[in-house]
K.L.:
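Dumping the structure here so I can ask a few things about it.
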Amino acid sequence: MSGPDVCVVGEINPDLILYGLPKELKAEHEILIDGFRLTLGSSSAIFAHNLSALGTHVGMISKIGGDPLGKMALERLAVSGVDVTHVSRTDRKPTGLTVILAHPGKRFILTYPGTMFELNYADLDFDYIFSSRHLHLSSFFLHRALRPKICEVFRQARAKGLTTSLDTNDDPEDRWGEDLLDVLRFVDIFFPNEREAKKIAGTDDLSQAIERLAQLSPLVAVKLGADGAFLREGTNEWRSPPIRVNSVDAVGAGDSFDAGFIHRFLEGAAREECLTYANIAGAFSTTHEGGTEAFRDRESMTRFFRDHLGRK
Ligand SMILES: Nc1ncnc2c1ncn2[C@@H]1O[C@H](COP(=O)(O)OP(=O)(O)O)[C@@H](O)[C@H]1O
Ligand SMILES: [Mg+2]
């Protein structure tokens with residue numbers, strides 16, 4: 001069976017992003033804000049959406065509720081070309097929702113997990129996963145039911161010859177469990193941001209953190225926000241300087257970075273090219289609201305990539 005290029009196992013939920021909040025939020029007061037955007041959010045879905053927009057064939061295994069938010073999120077993915085035939089619906093919980101208070105330089109992210117906590121091992125169609133070339137999982141710490149089996153999923157994918165990638169994102173409990181280190185042994189490309197790299201490696205020193213993580217996964221791509229990104233493979237290192245953009249918000253920049261990297265990786269591009277492309281994708285995502293809005297405008301996406309690749 002020939003499936004998608006990339007199978008994403010993960011969560012699908014919308015983001016509600018609030019802009020133009022006052023510096024201080026006073027309780028029991030009516031607080032007026034400048035604007036909001038309800039859009040497709042969640043790390044896994046943003047990755048899938050944007051990777052598909054870039055031209056890679058993506059399929060998703062996920063679980064949503066039978067509510068309008070789940071429907072809206074699923075439609076956005078489908079419009080982008082993602083195969084959503086392996087997304088199931090449950091009435092046990094509503095679809096999750098993330099509310100982001102986009103304070104400049106001080107962002108608050110409030111997540112109701114909903115169906116994220118419901119996706120479990122029995123929901124995974126392994127024939128479908130194995131029909132793809134690459135497995136990606138995002139939001140390790142938000143998959144409460146699946147988490148004990150994530151290592152097994154990656155082990156099997158690797159044994160079947162798939163390449164694999166993982167983006168943990170934040171751990172809401174700030175515990176960064178040991179089980180993650182076991183999973184990293186089956187991960188080809190690990191995508192932490194700077195803070196996550198340090199937390200997972202258990203050190204405040206970034207070089208030391210990268211050193212430790214590179215002992216576990218062959219490729220470690222560390223996202224450095226407005227400072228660009230860094231890639232390590234064995235003893236080789238590459239650095240991508242930041243691209244100057246008028247940034248609206250950084251929601252989903254990391255997931256867009258991951259999508260850019262995997263797009264070129266599966267095309268067999270050199271490591272440095274994968275990093276450059278990822279850095280452009282991350283920067284591009286910040287030019288529009290949320291994590292996926294930029295990638296819905298195919299014309300401006302094509303122009304942005306052409307301009308920034310040309311300038312190298
Ligand atoms: N303000 C910015 N200007 C240019 N590029 C950015 C900016 N913010 C993020 N990026 C790009 O997006 C990538 C991911 O962003 P980052 O915020 O580090 O990830 P995460 O969303 O996982 O925290 C960065 O490595 C960089 O390539
Ligand atoms: Mg991230």
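In this text the structure is predicted, and so the values were computed from the model without any measurement. Heads up: numbering here begins at 1 and tracks the sequence. Counting convention: from 1, in listed order, for ligands and their atoms alike.
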K.L.:
Linking I/L/V/M/F/W/Y whenever any side-chain heavy atoms sit under 4.5 Å apart, do F47 and L54 land together?
P.N.:
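Each belongs to a different hydrophobic cluster.
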K.L.:
Would you say G254 and ligand 1 have an N/O pair spaced under 3.5 Å apart?
P.N.:
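Yes, at least one N or O pair falls under 3.5 Å.
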K.L.:
Let me know which of K63, R92, R89 forms a salt bridge (charged side-chain N to carboxylate O under 4.0 Å, His left out) with E118.
P.N.:
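Only match with E118 under salt bridge (charged side-chain N to carboxylate O under 4.0 Å, His left out): R92.
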K.L.:
Could you identify the single nearest non-hydrogen protein atom to atom 17 (O) of ligand 1 and state the distance to 0.1 Å?
P.N.:
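Scanning the protein heavy atoms, the shortest distance from atom 17 (O) of ligand 1 goes to G225 CA, 3.8 Å.
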K.L.:
Hey, is the Mg ion (ligand 2) within less than 2.8 Å of some N/O/S atom on S43?
P.N.:
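Coordinating: no.
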K.L.:
Find all atoms of ligand 1 within a distance of less than 4.0 Å from any non-hydrogen atom belonging to L224, and give their numbers and elements.
P.N.:
18 (O), 25 (O)
K.L.:
Considering only heavy atoms, does N279 approach ligand 1 within less than 4.0 Å through its side chain, its backbone, both, or neither?
P.N.:
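Both backbone and side chain of N279 come within 4.0 Å of ligand 1.
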K.L.:
Could you tell me whether P242 approaches ligand 1 through its side chain, its backbone, both or neither, with non-hydrogen atoms closer than 4.0 Å?
P.N.:
neither
K.L.:
Note the single closest protein heavy atom to atom 12 (O) of ligand 1, along with its residue, its atom name and the distance in Å.
P.N.:
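Going atom by atom, the protein heavy atom closest to atom 12 (O) of ligand 1 ends up being G282 CA, 3.3 Å.
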K.L.:
Mark up the atoms of ligand 1 that fall under 4.0 Å of a heavy atom belonging to V245, in ascending order.
P.N.:
3 (N), 4 (C)
K.L.:
Students should be able to answer this: which protein heavy-atom is nearest to atom 1 (N) of ligand 1, and at what distance?
P.N.:
A226 CB, 3.7 Å
K.L.:
Closest non-hydrogen protein atom to atom 23 (O) of ligand 1, residue and atom name please, with distance?
P.N.:
N193 ND2, 2.9 Å
K.L.:
Which residue holds the protein heavy atom closest to atom 25 (O) of ligand 1, what is that atom called, and what is the gap in Å?
P.N.:
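For this ligand atom, the closest protein heavy atom is G228 O, 2.8 Å.
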K.L.:
Check whether T286 reaches the backbone of S247 with its side chain - one donor and one acceptor, N or O, closer than 3.5 Å.
P.N.:
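Not confirmed, T286 side chain does not pair with S247 backbone.
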K.L.:
What's the shortest distance from atom 15 (O) of ligand 1 to any protein heavy atom, and which residue and atom give it?
P.N.:
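Of every protein heavy atom, A253 CB, 3.6 Å lies nearest to atom 15 (O) of ligand 1.
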K.L.:
Between the side chains of S52 and H57, does any donor sit under 3.5 Å from an acceptor?
P.N.:
no
